[in-house]
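Proteins get letters first, then strands, A, B, ... in listed order; numbering begins at 1 in each.
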Amino acid sequence: MGMSSNPPYPAGTVIIGKWRGNRYVVERLLGRGANGTVYLVQREGRRERYALKIGYDTLDLQSEINVLTTLQSRRKRNEHRARQESPLSSYLLEADDFADGNNVPFYVMRYVEGRPLHLFLSRNGSSWLGLVGLKLLDKLRGLHECGFVFGDLKPENVMVSDYGEAELIDFGGASPLGRSVKQFTEWHDRGFWNAGSRTGDENYDLFAFAVLCLRLLNEEGLKTAALQLPQMRSTDELLKLARKLPDKKLSSWLSLALKGGFSGSAEALELWENHIYKTRKREPESMATPRWLKNAFALSLFLLAFTIYWVIRF
Amino acid sequence: MKQILLITDGCSNVGESPVMAAAHALQEGITVNVVGVVDYGTIGELGSREIADIAKAGGGISRIVGTPQLAQTMQMMTRKTVVQTIQQAVNKEVKKILGEGSLEALPPLQRSQVVTVVDELTETSPLRIALLIDASASMKPKLGAVEDAIRDLALSLEAREGSSEIAVFHFPGRSSGEEAMLDMDWTRDLSGIRSLFSRMRMRGATPTGPAIFKVLEHYRYDTLDKHRDRHPAQDHDEREGMIGGYVV
């Protein structure tokens, strides 16, 4: 505690590990999570860039590292069985203490290039939600298979590459299935909406995912619902928002998630894939008619009118 | 594990010093956390110093927040304090075994094992929290938010694997002789919390110190009354065993 107010390390700072001796050069600040500050770094003498998280509190950060370590080993075991998993096993590279920086703990992970989900969608359009949602649900399913819930699921914790690859970042809120959720964000929390417990189960993450979708598609509506008196907050309020969405298949998927109606994330993923991702519809109103065609049409109308005038007159 | 969570908005003005009362609590193995609730204006230098001092004397944490952040703050403080209490106990064991100082000094592998134990105990140790609510007149507009925050805290506690119990007191009591009044005795059931404050009468004085003493008495009385409080001793042994197993 207390270290959170520290000014960020300037670019060029060399972070040397106390136990393993590896050296990382700070390039820039990437962001701040609940447990620490994340920097983009380059391992000295190498080209690859990594994300390095410096913890505010040794215990909190170590707890997060433990989750990542367990996750990694379980994932490797799973990969052994099913070969085609994405190469996520290299998520955590190493953990160490910053020798010169008062022995603050840090860990190094793969750098996920992209932008947070909400910024990605506002830039590229919400038509990407079908694909990105699919990828994100797949990540959640993988996590659940390894026996963990993500907990603090929100757009800020999802990185999306330029081509719609989604990746979860910040595992500070992850906890084993069946345990209490450690970190959460009000709007996305099932307990906040009087919609169920804070015990981490697959449906907890799916609920947060559904709120995430509502927030991406109708942030104002969600805000209004969230600012009501606490005793008025309920699943019904969220269901109302879901029903208002123009895409009816998405509405019913979200309703099911909000009510905790899926047997688990595997089923949720399957339904999303079949009913939302695959039923991409052409949007006639957004298929903009080229300007030249409009002009040509206007010209032909004018010619017609002129011709009729001509014929009648003479 | 035992905690007192004091929710107040100003200075005590009657009876023994609340800082001394908190020091007594710590001596009896009860950690005291304090939330100062401000909405309009500030709590004043004197008030905020007292809040910080009570928490310091009681081995806990203090925060001054507005009602919108109340729920999250209470949840965070409670969790943090549980972790700290366990960490202190575990650190002691680590010191015994390795002769080494703190968690920070341990090499990565051992540290990871110790933290695994701390996380495990944080989730599973039995926990009791006595909420002590300042019901002096100035708190009246904030009680709705306090009630919601308590409900929210109960929700978080319910999700733990270990047993968690809450008792609720407010002060001052009904008559001038009564420092604090018990609104709800130890319970795991949060449905009773809803109507808790409707019966509450607001009065002027703020006898924070005597109220803390009253809660201590309640803890003590309970220890005599039920044998379930032999648990902490057992827990301790277990804990020692676990650490031994993990670290060596």
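Both the backbone and the side chain of B/Val115 come within contact range of chain A, each with at least one heavy atom under 4.5 Å from a heavy atom of that chain. Heavy atoms of A/Leu59 lying under 4.5 Å from chain B belong to its backbone as well as its side chain. The part of B/Thr124 that comes within reach of chain A is its side chain, from C-beta onward, which places non-hydrogen atoms under 4.5 angstrom from that chain. Within the 4.5 angstrom heavy-atom criterion, no atom of A/Gln183 approaches chain B.
With respect to the salt-bridge test (charged N to carboxylate O, under 4.0 angstrom), the residues A/Glu202 and A/Arg141 do not qualify. Note on B/Glu120 versus A/Arg179: salt bridge recorded, some NZ/NE/NH1/NH2 to OD/OE distance being below 4.0 Å.
No other option in A/Gly191, A/Gly178, A/Ser63 has as many heavy-atom pairs under 4.5 Å with chain B as A/Ser63. In terms of heavy-atom pairs under 4.5 Å with chain B, the best-connected choice from A/Ile65, A/Asp97, A/Asn103, A/Asp60 is A/Asp97. Annotation: maximal heavy-atom pairing with chain A below 4.5 Å, among B/Arg160, B/Glu104, B/Met76, occurs at B/Glu104. Heavy-atom pairs under 4.5 Å with chain A were tallied for B/Pro68, B/Pro108, B/Ser112; the largest tally goes to B/Ser112.
Note on ring orientation: taking the six-membered ring where Trp is involved, the planes of A/Phe106 and A/Tyr24 are perpendicular (angle over 60°, cut-offs 30° and 60°). Between B/Tyr219 and B/Trp186, the ring planes lie tilted relative to each other; the angle falls in the 30° to 60° range.
Seen from the ring of A/Phe192, A/Arg233 counts as a face-on cation partner, given the 6.0 Å and 45° thresholds.
Put simply, CD on A/Glu94 and CG on A/Leu52 are 8.5 Å apart, with the number rounded to the nearest 0.5 Å.
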